[in-house]
Structures are given as C-alpha cells and as structure tokens.
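Within every chain, numbering begins at 1; the chains are lettered A, B, ... in the order of the sequence lines, protein sequences first and strands thereafter. Owing to the predicted nature of the structure, the values given are computational and were not obtained by experimental measurement.
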Amino acid sequence: MLGVSWSCKITNLNQNLLSLLEKCKSMLELKQLHAVVISFGLSQDDPFISKILCFSALSHSGDINYSYRVFSQLSIPTIFNWNTIIRGYSNSKTPVNSLSVFLKMLRLGVAPDYFTYPFLVKASARLLNQEFGVSVHAHIIQTGHESDRFIQNSLIHMYASCGNLMWAQKVFDSIQGKNLVSWNSMLDGYAKCGEMVTAQKVFESMLEKDVRSWSSLINGYVKAGDYSEAMSVFEKMRAVGPKANEVTMVSVSCACAHLGALEKGKMIHKYIVDSGLPLTLVLQTSLVDMYAKCGAIEEALLVFRGVSKSQTDVLIWNAIIGGLATHGLVEESLKLFKEMQTVGIQPDEVTYLCLLAACAHGGLVKEAWYFFESLNKCGMTPTIEHYACMVDVLARADQLTTAYQFISRMPIEPTAAMLGALLSGCINHRNLALAETVGKKLIELEPNHDGRYIGLSNVYAVDKRWDDARSMREAMDRRGVKKSPGFSFVEISGVLHRFIAHDKTHPDSEETNCMLNFVFRQMKFSWYKDNEEKSLEDTSTRDDLLLF
DNA sequence: ATTGATGAAC
C-alpha cells in the first residue's frame, strides 16, 4: 500500500516538475528548478535534463554557457542533447562552438543525425566560413544525408552567405521537390549578393510567394542602393502581396531614410500603427533613424521617447545621438549620451563615432580629444572612421598643423576621405600652402576620382591662381577622368523628383532655376555685405571656377 | 526538435 502511494506521489512530483520546467521564464527560475532536480537525485534523468538544456540553450532569456556546463556533466548525453547544444551555439554570438561540439561528438564516436546538420550549416553560414561549410557538406554526403530537404535548404543559405552563388544554385538545382524555403533561400541569396536582375527573375518565376519572398526582394534593392525600386516593390506588395511584417517595414523605412522621403516615411509609420504590427525595438530604431535622416528630428525624438528606457539597447541610442549630431544639435546629443550612461547602456565604437561627429559640428575640440581617449580607455580600438572624425574636428577648428601631425602619427594609412576633410579645413582657414600639398596627395591617392581634381582646383581658385586652377580641368581630360553629373532628390507631396546638374527635362525646370538664381543672388548679396573688403570682380570669377 | 529575414556610424 505504502509503495503504491509513494510511487504515485513521485509520479505526480515528476509531472509537476516537468510542467514547471516547460513554463520556465527566466534563468533564475530555471536554476531554482535545476536545484530541485539535483536534490532529488535526478541530474542524469533525461526528461528533466533535456528541458533544462533546451531552455538555457535556445530560449531568448537563456544562457548557452550554462547549458554547456550542464551538458558536460552528463555521463551519456542523448543525440537530442548533442543537437540542442549545437543548435544553441549556432544561434549564439559564438557559432564556432557548434563546430567544436561537433568535433567532440565525432571523436567520441557519436553519430550525428539529420537534425544535427542544419544547425552546423547555419553556424558556418553565420561565421561566413565556407571552409567549415564545405567540410560539413562533405560529412553530409558521407553519412548519406544529402537529399534531406532541410539540410539542402540550409546549404543554399550557407553558400549564398559566403558569396558562392554558383554552389548555392547547384544545391538548389539538385533538390527534388523544392519547397518555398528552397526558393526563398535562393532568392535571398541573389538579393544579398546584389544580383538583383537574377533575384527579380527568381522572384517572378515563383508560383508561391510569402512575406519572406517579398521582404527578401525589397531588402535586396535596399542593400543594392536602389531605394526607389525597393519602394515600388513595397507598393506592389501592398496591392497584390501578403501582409507586410516587421522585417518588411524595417527595410522599407530604411529605403525612406536614404531617399529622405519624409512624407512616405510618415505613411510607413502610419501603416505600421494601423496594421497593428508590434512596434519592436528594431522597428523603433529604424523609425528613429528614418525620421532623423529625413530631417524630422522632432519626430525621431518622439519615437525614441516612446521607448521605455529599460527596453533600450545601444543601437537605438546610437541612432538618436547620431541623428542629433547631424542636425547640429550638439548639446542635446551629448546630453543624451550622459542619459544613456545613467540608464546603464555601454557605449560602443559607433557611439563614439556619433559623439565625435557631434564635436565636429559644434567645434568642441577638447571634448573630442576626451572621447577619443575614452574610446581607448574602454578597451576599444579606434577605427579609420574615428581617426577621420578627429581630423575633421581639428580641421574645422583651424588646428591644421595638429591635424596633419595626427594623420602622420596614426598607426594606419590615411584614407582619401580623411585627407578630404583636412583639405576643406585648409581651404576654409586659408592655409593654402598645406592645402596644395594635401590636394596633390589626394590626386595621387585617387587619380580617377573627379572630385579630387576639383579639390585642388578650388585651392588654386582661392589663391587666385586662375591658370593653375584651369590646368586641373586639362589634367582631368588628359587622364580621361569624367566629371559625373551631380544630382539630388526632392520630395514634394510624397512624389520624388530627381534633379541632375544641367538637366532641363523636368517640367518645372525653368521655374526652379529662376528661384535658385534668386536665392543665389540673395546669398551673394549677404556674403558681400559680410566681406566688404573682398573685391567683386575676383569673387565672381572664383565662383565660376569653384562650381565647374 | 530542424531549414529561409530586419535596426545604428562612415
């Protein structure tokens, strides 16, 4: 009697424990339940251990390292346990550990199964390591799993991620009975590699399309820099396609950001709210960035302030700090940086880049040096962009010699953009001797870049060396450098208008130029008022050359 | 139990 009752109680306890493990929400809770499992002597008991491994390896609030520690205590892990760990690492920050665990498995003579390989292939894809991918592929063939569709689909993605579209296509062609995932993986592969003509063809030949197909195509156009095409695919999707989701909207708002299309951006925002899509942090970040890039910094702040501080991460702080910096709202930008530290978000390399950009706009040399040094103190290595920003700060603040020395003492080679910043500093602050040296260096560095000749020509023009200035035009012709026409976009009532220099095809071209001339004359007038000592004749000739 | 996607700076 007693035995039956006890075994009944234990069964109940086990059931309760299992259901508690299934409902587990946090690592703290999981550790408490794990303690119970251990105290009941069940630490080798598969159902419990499997649940513990799954939560800590796969859940969003899990901890893969904890999972691995539990795993390594097992005397005989099941294949399911092995797969859980490999899968967990494949989604982690260190996918390379998936491959270490795989090697361990092979050394112990444990046979992987058809669940193991998709995780391993994913790990190789995330590492962008084709060598790993190919060895995993070899194992797949050796163990006779090459016609598993899950495995084949993951191989397409891996090869495409590594830039090997030919092999991705080969795997795709070999699939008997391709499914939507096969098609989407192939489409996404072409789109990610910027092969938009092929991507478009694949998309059109698909009989069945889902939200991922559309999103891949849109995102491909965004990554390829064809933002208007991305927008028109989205319009078409709204008309005939499936309902857009968060990923679609992130791509679309990124396209608006690059187009500076505020009206469209606002429509996108409205669409997100109206269609009841959850405003996730990723989406909010892209909205903040979109509004900032479209010049609507107030709207950007509104979206940003709508996120509760405890939900924020470094990316959204960077978006708003950088947005304020480009709007010249330097004080606000630095204030938000302080606020970010109060909230406890650690700044990263990009944060410092935004801060340096703010300093450049505000002429804050001391602060820039402080940030540049804190970057080093926090154990981060300044990138070429950080150095470029510092040069910009110094050049704008008329510390040209310091800027020049800074460049020569850098541990890396200077970029053209960096010398360009120095050059414009030299021109603005009339250090023409240094300007000429830098201008010549720039042409040496980029002899096929039209702007570099114009840069040096501008130096001569400011110096009134008109013949030298004109000779730059000849130097360009001699070397066959073509001046590519400049163009800009203007959005009026949601319609994008493109203006190319000297292009008169726009219906309102005449009226626009009339207005521009008016504005230009006004500007000149106020410039003359501020610079009365400069002679009128000289400047008109100079304008001519500066604008060629 | 499995495969396919998205955000920040330059």
Side-chain angles (χ1 to χ4, degrees), chain A residues 50 53-54 57-58 78-84 86-88 90-91 112-122 125 145 148-158 160-161 168 171-172 175 178-189 191-192 210-220 222-223 244-254 257 280-290 292-293 300 304 312-323 325-326 347-358 360 383-389 392 415 417-418 421:
Chain A
S50 285
L53 289 178
C54 277
L58 308 176
T78 64
I79 183 66
F80 180 78
N81 298 150
W82 283 99
N83 290 344
T84 304
I86 291 175
R87 183 183 177 192
S90 78
N91 295 322
D113 65 4
Y114 57 94
F115 284 109
T116 320
Y117 293 110
F119 309 137
L120 288 170
V121 176
K122 185 182 195 168
H145 287 102
D148 181 285
R149 210 159 49 181
F150 283 94
I151 294 174
Q152 290 167 316
N153 290 344
S154 60
L155 282 170
I156 296 173
H157 174 243
M158 183 274 295
S161 301
V171 175
F172 178 78
I175 302 178
K178 302 167 180 67
N179 63 9
L180 187 55
V181 177
S182 326
W183 282 94
N184 279 347
S185 305
M186 200 61 244
L187 163 65
D188 192 60
K192 269 220 177 61
D210 66 356
V211 61
R212 282 183 189 233
S213 329
W214 288 88
S215 298
S216 284
L217 190 67
I218 292 172
N219 197 243
V222 170
K223 290 281 140 72
N245 67 9
E246 184 203 351
V247 180
T248 325
M249 298 323 286
V250 168
S251 295
V252 170
S253 95
C254 180
T280 59
L281 187 59
V282 176
L283 199 39
Q284 285 164 312
T285 305
S286 50
L287 286 176
V288 168
D289 182 52
M290 181 272 291
K293 286 216 170 75
F304 177 76
T312 54
D313 65 359
V314 66
L315 272 86
I316 194 157
W317 284 98
N318 289 348
I320 194 69
I321 291 171
T326 44
D348 66 2
E349 282 93 343
V350 178
T351 319
Y352 282 104
L353 211 55
C354 298
L355 292 168
L356 290 175
T383 63
I384 193 92
E385 287 86 3
H386 293 100
Y387 287 106
C389 244
D392 195 32
T415 60
M418 197 182 285

Check: Given B/dA5, B/dC10, B/dT2, which nucleotide is nearest the side-chain atoms of A/T326?
Finding: B/dC10

Notebook entry, point to check: How close or far is atom C1' of B/dA1 from atom CG of A/D148, stated in whole angstroms?
Noted result: 13 Å

Notebook entry, point to check: Does the side chain of A/K192 get closer than 4.0 angstrom to OP1 or OP2 of B/dT6 through an N or O atom?
Noted result: yes

Margin query: Just to be sure I understand the rule, does A/L180 reach a base, reach only the sugar-phosphate, or reach nothing, if contact means heavy atoms closer than 4.0 Å?
Written below: base

Note to self: Under the criterion of centre distance below 5.5 Å and interplanar angle below 30°, is A/F115 classified as stacked on the base of B/dT2?
What the structure shows: no

Note to self: Should the side chain of A/N83 and the base of B/dA1 be counted as holding a donor-acceptor pair, with the cut-off at 3.5 Å?
What the structure shows: yes

Margin query: Output the rounded distance in Å from CE (A/M418) to P (B/dA9).
Written below: 19 Å

Next item on the list: Give a yes/no answer on whether the side chain of A/N318 brings an N or O atom under 4.0 Å of OP1 or OP2 in B/dA9.
Entry: no

Next item on the list: Please tell me which of the listed nucleotides, B/dG4, B/dA8, B/dG7, lies nearest to the side chain of A/V282?
Entry: B/dG7

Margin query: Would the base of B/dA5 count as contacting A/N245 through its side chain, where contact means a donor and an acceptor less than 3.5 Å apart?
Written below: yes

Note to self: Under 4.0 Å, heavy atoms only, any strand: does A/D210 hit a base, just the sugar-phosphate, or nothing?
What the structure shows: base

Check: Yes or no on side-chain contact (heavy atoms from CB on, under 4.5 Å) for A/I175 and A/I156, after CA distance, side-chain angles and deciding distance?
Finding: CA-CA 10 Å; A/I175 302 178; A/I156 296 173; 3.8 Å; yes

Next item on the list: Return the nearest nucleotide to the side chain of A/R87; candidates are B/dT2, B/dA8, B/dT6.
Entry: B/dT2

Notebook entry, point to check: If every non-hydrogen atom of A/L287 is compared with every non-hydrogen atom of A/S253, which pair is closest and at what distance?
Noted result: N-OG, 4.2 Å

Next item on the list: Output the single nucleotide from B/dA1, B/dA9, B/dT3 whose closest atom is nearest the side chain of A/D289.
Entry: B/dA9

Next item on the list: Counting heavy atoms from C-beta on, name the nucleotide in B/dC10, B/dG4, B/dT2 closest to the side chain of A/E385.
Entry: B/dC10

Item checked: Distance test, side-chain N/O of A/H157 to OP1/OP2 of B/dA5, below 4.0 Å -> yes

Check: Rounding to a whole Å, what distance do you find between A/F172:CZ and B/dT3:C1'?
Finding: 14 Å

Item checked: side-chain contact (heavy atoms from CB on, under 4.5 Å) evaluation trace for A/D348 with A/N318 -> CA-CA 9 Å; A/D348 66 2; A/N318 289 348; 3.2 Å; yes

Item checked: Rounded distance in Å - NE2 (A/H145) to P (B/dT2) -> 16 Å

Margin query: Taking 4.0 Å as the cut-off, does a side-chain nitrogen or oxygen of A/K122 come that near to OP1 or OP2 on B/dG4?
Written below: yes

Notebook entry, point to check: Please give, in whole Å, the distance from B/dG7 C1' to A/L315 CG?
Noted result: 6 Å

Check: Can you find a donor-acceptor N/O pair under 3.5 angstrom joining the side chain of A/T285 to the base of B/dG7?
Finding: yes

Notebook entry, point to check: Considering residues at least two apart in sequence or located in another chain, which fulfil the side chain to side chain contact (heavy atoms under 4.5 Å, CB included) criterion with A/A388?
Noted result: A/M418

Notebook entry, point to check: Nearest to the side chain of A/S251 - B/dT6, B/dT2, B/dG4?
Noted result: B/dT6

Checklist line | Heavy-atom side-chain contact between A/P347 and A/V314 under 4.5 Å | finding: no

Note to self: Testing the basics here: between A/H386 and A/E349, what is the closest heavy-atom pair and its distance to 0.1 Å?
What the structure shows: NE2-O, 2.8 Å

Notebook entry, point to check: Base, sugar-phosphate, or nothing for A/F80, non-hydrogen atoms under 4.0 angstrom?
Noted result: base

Check: B/dA8 base stacked by A/W317? Criteria: ring centres under 5.5 Å, plane angle under 30°.
Finding: no

Next item on the list: Using the test ring pair (Phe, Tyr, Trp, His ring centres under 6.0 Å), find all partners of A/F304 that sit at least two apart in sequence or belong to another chain.
Entry: A/W317

Check: Quick one: A/L283 CG to B/dA8 P, roughly how many Å, whole number?
Finding: 12 Å

Next item on the list: Using a cut-off of strictly less than 4.0 Å, decide whether A/K293 has a side-chain nitrogen or oxygen near OP1 or OP2 of B/dA9.
Entry: yes

Note to self: Can you measure A/L281 atom CG to B/dT6 atom P for me and round it to whole angstrom units?
What the structure shows: 17 Å

Note to self: Which nucleotide wins on minimum distance to the side chain of A/D348, given the candidates B/dA8, B/dT6, B/dG4?
What the structure shows: B/dA8

Checklist line | Gap between atoms CE and P, on A/M290 and B/dA9 respectively (whole Å) | finding: 13 Å

Next item on the list: Determine the contact category for A/D113: base if any of its heavy atoms lies under 4.0 Å from a base atom, sugar-phosphate if only primed atoms, P, OP1 or OP2 are that close, otherwise nothing.
Entry: base

Note to self: Heavy atoms only, 4.0 Å cut-off, all strands: where does A/Y352 land among base, sugar-phosphate and nothing?
What the structure shows: nothing

